[in-house]
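See below for the structure under consideration.
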Amino acid sequence: TGPESPADGPKRAWGVILASDIRAFTTLSETYPARQIVEMLNHHLEQMSDAIRLHDGMIDKFIGDAVIAIFLHEDRATAARRAVEAGREMMRRHAAIHFARSRQGRFSYGMGVGIDGGELLLGSFGSEDRLEFTAIGPARHGAEELEAASKQGIVTRISVSRTVAGLCPDLRFVPLAGTNHVEVAEL
């Protein structure tokens, strides 16, 4: 069956969270003209969003240069696989962006991806005058920690929890130095 819909109202569901972030974005934004930063960021977010949607993910939110996405499916392995495939597509697109920017003599930038799965609380949170749909739970926090840990990666910089990796037995992973997590072994 297809993906579940968050539009059905508040609920608990098992899902996968993907978090990605641009490395040293604050330094970049303080170094280069605002127009160049906004142009780069908008292009980056458009490409990353397309990669997520291509694999049936939903953009939860943009937090500055970070992207948080949710992957829901009745089958946990399908949700996990789609999130990992989205992460791989994101890194392939980032490599293409990096190559094009380099050829044009423009500044380059790095990024990382973290992916974790677990029980999520999905709903609209906030105050009377501002509600936002989001997912909360340990997997959300875990994905953000994994994204930060992806800096230690040496292959793809896609850090994955052992929970998610266990749901993707046909993919190769390598240990992520200094953590209990793994890194996707190939794009």
Side-chain angles (χ1 to χ4, degrees), residues 3-4 6 10-25 41 44-45 47-94 109-125 132-168 171-185 187:
E4 299 175 29
K11 65 180 177 179
R12 290 190 185 279
W14 196 95
V16 179
I17 300 290
L18 178 152
S20 74
D21 198 27
I22 293 176
R23 300 281 179 249
F25 184 76
L41 184 57
H44 173 82
L45 294 175
Q47 290 296 309
M48 299 307 114
S49 297
D50 285 348
I52 290 164
R53 284 191 297 271
L54 180 67
H55 295 282
D56 295 326
M58 298 173 285
I59 304 297
D60 179 22
K61 61 183 41 58
F62 299 117
I63 305 170
D65 60 303
V67 180
I68 307 295
I70 307 167
F71 294 81
L72 300 173
H73 198 277
E74 292 173 6
D75 177 58
R76 292 178 180 190
T78 299
R81 180 61 182 243
R82 288 178 178 170
V84 171
E85 291 302 330
R88 292 169 76 186
E89 178 68 19
M90 292 168 74
M91 293 308 272
R92 286 190 295 267
R93 289 183 183 216
H94 175 257
Y109 60 94
M111 69 172 274
V113 173
I115 302 171
D116 197 4
E119 196 70 26
L120 301 171
L121 178 58
L122 305 164
S124 294
F125 301 92
E132 283 190 7
F133 176 83
T134 196
I136 57 175
R140 167 73 182 263
H141 181 68
E144 292 172 358
E145 285 185 350
L146 282 158
E147 185 284 317
S150 72
K151 293 174 188 168
Q152 298 166 338
I154 57 171
V155 184
T156 61
R157 301 206 190 280
I158 304 169
S159 301
V160 178
S161 68
R162 295 217 180 248
T163 298
V164 170
L167 292 166
C168 302
L171 294 179
R172 271 191 346 105
F173 299 93
V174 295
L176 186 62
T179 74
N180 187 36
H181 309 299
V182 294
E183 180 182 16
V184 175
L187 292 180

Without swapping roles, check the side chain of Arg76 against the backbone of Leu167 for a donor-acceptor pair under 3.5 Å. no

Are the side chain of His44 and the backbone N or O of His94 linked by a donor-acceptor pair below 3.5 Å? no

For the OG atom of Ser20 and the CD1 atom of Ile115, what is their distance to the nearest 0.5 Å? 9.5 Å

Can you check whether Val184's main-chain N or O pairs, donor with acceptor, with Thr156's side chain at less than 3.5 Å? yes

Do other residues, nucleotides or ligands put more than 12 heavy atoms under 6.0 Å from Lys151 NZ? no

Check against side-chain contact (heavy atoms from CB on, under 4.5 Å), Val174 and Ile154: CA-CA 10 Å; Val174 295; Ile154 57 171; 5.8 Å; no

Please report the shortest heavy-atom distance between Ala143 and Ile17, naming the atom on each side. CB-O, 3.4 Å

Given 3.5 Å as the limit, does a donor-acceptor pair link the side chain of His55 with the main chain of Gly57, or not? no

Answer yes or no: is there a donor N or O on one side and an acceptor on the other, between the side chain of Glu183 and the main chain of Val155, under 3.5 Å? yes

For Glu89, is there an ion pair with Arg92 - N to carboxylate O distance below 4.0 angstrom? yes

Before you tell me yes or no, could you show the steps for Arg23 and Ser150 under side chain to side chain donor-acceptor pair (under 3.5 Å), namely the whole-Å CA-CA distance, both residues' side-chain angles and the distance that decides it to 0.1 Å? CA-CA 10 Å; Arg23 300 281 179 249; Ser150 72; 2.4 Å; yes

Taking every heavy atom of Pro138 against every heavy atom of Asp116, the minimum-distance pair comes out as O-OD2, 4.2 Å

Which atom of Ala51 lies closest to which atom of Met90, heavy atoms considered: CB-CG, 3.7 Å

Just by modelled atom types, is the Ala77 backbone N or O under 3.5 Å from a matching donor or acceptor in the Arg81 side chain? no

Under the side-chain contact (heavy atoms from CB on, under 4.5 Å) criterion, do Val182 and Arg162 qualify, and how do the steps go? CA-CA 7 Å; Val182 294; Arg162 295 217 180 248; 3.4 Å; yes

Tell me, with the steps shown, if Phe71 and Ile52 meet side-chain contact (heavy atoms from CB on, under 4.5 Å). CA-CA 9 Å; Phe71 294 81; Ile52 290 164; 4.0 Å; yes

Flag, side chain of Asp65 to backbone of Phe25, donor-acceptor distance under 3.5 Å: no

How would you list, by chain and number, every residue that makes a ring pair (Phe, Tyr, Trp, His ring centres under 6.0 Å) with Phe173, sequence neighbours excluded? none

